[in-house]
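The structure appears right after this line, and notes come after that.
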Amino acid sequence: MLPSYVALSESGELHRRAERLMGMLAACDICPKDCRVNRLGGEVGFCWSGADPVVSAVVPHFGEEPCLTGTRGAGNIFFGNCNMRCVYCQNWQISQDWTGQRRNTVSVEALGEAMLALQEKGCHNINLVSPTHFVPQIVAALALAAPRGLCLPLVYNTNAYDSVRVLQLLDGIVDIYLPDLKYSDNGAAREYSVAGNYVEASRAALKEMYRQMGPDLVLDDAGLAHRGLIIRHLILPNDIAGSRECLRFIAEELSPTVHLSIMAQYYPTNKADRKDLISRKIRAREYEEVLEMLEEFGFEHGWTQEFSATDIGRPDFASAAPFAWEGGLAPAPLHLTRPASPAP
Ligand code: SF4
């Protein structure tokens, strides 16, 4: 099962897409922030990112969904900076410290080398974490790595604040979309993530991802994902995420057969203690209510975390092993193991 970007590489189309995307950086509209700054000329917009990629960590990771983690880990590439500003971001050390992250600026060639190194380590995929603001550089790196033998599925692990035009240029390049649908209310998205048009943008993005992938998640005999769409949803306290409307949108405007990943791991970190409504973990009852919605909307496929996931460790990107609680390269921690309840 070769990823489709291999054929695009051989035909020269991958290189052409990379050039087109890189050109968009001259008046950047890579994401729905639509800053129109010239990132090729030294300007930066809302995401504080320029012409070169910022790569904050490259690690085999064992905390993703089982079909991505497998036995040898997902090959995670964590990008620095972000096009959102979630006050509760658990990766705030790399997503919101743009001055500190300058030291992690690398070349496109080095990003391609990182992809090949993760393949060399035996990882099951290349899992691009917070890739949105660096899509052009990622495709350019892929165009260098594919002719050198890169052949792992490409996972686009995003906050869903993505531009449809850019996603269309990723058609045939990305193998697995992994968006986190975060809000169903723009007021909440503005207050907690500085993304006042999040609802329209994320829903349009998810529709485009679904158009490309359809409802099926293609797994191999070992249960590893090779192509498809998995939609995450992080439950927030006091229903700040608007879980019912998020799930209703997925069920009614995409399909209840989509694979979901419901996350209970919210922890008030970063600046969340300044906002009363999200300054605590979620409660068991809040979690159970969302699980009941899965049945109500007829979802059949996916994963839910154990409620104890509210106590899992936090990454420390100041450390050489940001996910030390996972025990290095040990097999997958089991906090994403329970299939979502089947429809009644
Ligand atoms: S990628 Fe960055 S500069 Fe470009 S539109 Fe988005 S936030 Fe603005």
Side-chain angles (χ1 to χ4, degrees), residues 17-56 77-89 91-108 111 128-143 154-171 173-174 177-183 186 188-209 270-271:
R17 298 254 193 114
E19 283 190 336
R20 201 160 151 207
L21 284 159
M22 287 300 286
M24 290 171 69
L25 294 175
C28 190
D29 57 350
I30 288 293
C31 88
K33 278 290 179 192
D34 208 11
C35 300
R36 303 280 169 167
V37 295
N38 182 0
R39 290 173 58 181
L40 299 176
E43 294 178 345
V44 294
F46 184 84
C47 64
W48 290 92
S49 302
D52 292 319
V54 176
V55 174
S56 304
I77 298 179
F78 290 88
F79 291 94
N81 305 334
C82 192
N83 64 339
M84 294 176 76
R85 296 270 196 283
C86 302
V87 293
Y88 50 85
C89 180
N91 293 351
W92 61 272
Q93 289 166 302
I94 59 172
S95 65
Q96 297 180 22
D97 175 24
W98 35 89
T99 49
Q101 286 307 300
R102 281 189 199 134
R103 69 176 178 274
N104 290 327
T105 301
V106 301
S107 64
V108 162
L111 177 55
L128 306 163
V129 184
S130 298
T132 303
H133 50 302
F134 287 124
V135 165
Q137 296 89 338
I138 289 166
V139 177
L142 194 66
L154 200 67
V155 183
Y156 190 79
N157 183 339
T158 172
N159 55 26
Y161 195 43
D162 287 282
S163 140
V164 169
R165 186 164 155 237
V166 169
L167 291 173
Q168 288 168 342
L169 288 168
L170 289 175
D171 193 357
I173 295 176
V174 167
Y177 284 111
L178 184 61
D180 176 10
L181 186 58
K182 302 175 85 64
Y183 299 103
N186 278 334
R190 184 180 301 109
E191 178 167 1
Y192 298 105
S193 296
V194 197
N197 59 347
Y198 181 84
V199 176
E200 307 84 77
S202 61
R203 290 183 178 194
L206 260 63
K207 283 183 175 177
E208 173 59 22
M209 295 175 194
N270 192 17
K271 300 168 186 159

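Owing to the predicted nature of the structure, the values given are computational and were not obtained by experimental measurement. This chain uses plain numbering: 1 for the first residue, then up along the sequence. Start at 1 and go down the list; that is how both ligands and their atoms are numbered.
Screening I30, V135, V37, N38 for a side-chain contact (heavy atoms from CB on, under 4.5 Å) involving L25 leaves a single residue, I30.
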Report task. Output, in order, the C-alpha distance, side-chain angles, deciding distance and verdict of side-chain contact (heavy atoms from CB on, under 4.5 Å) for Y88 and N270. Result -> CA-CA 5 Å; Y88 50 85; N270 192 17; 5.7 Å; no

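Under 3.5 Å, the side chains of Y198 and S193 contain no donor-acceptor pair of N or O atoms. A donor and an acceptor atom, one from each side chain of Q101 and N104, are located under 3.5 Å apart.
Within 6.0 Å of CZ on R36 lie more than 12 heavy atoms contributed by other residues, nucleotides or ligands.
Pairs of residues two or more places apart, or lying in two chains, that qualify as side-chain hydrogen bond (donor to acceptor under 3.5 Å, both in side chains) and include a residue from residues 42-51 are S49-N81.
Residue-and-atom listing of protein N/O/S atoms under 2.8 Å from atom 6 (Fe) of ligand 1, sorted by chain and number: C31 SG.
Looking at R39, M24, M84 and measuring to atom 1 (S) of ligand 1, the nearest heavy atom belongs to R39.
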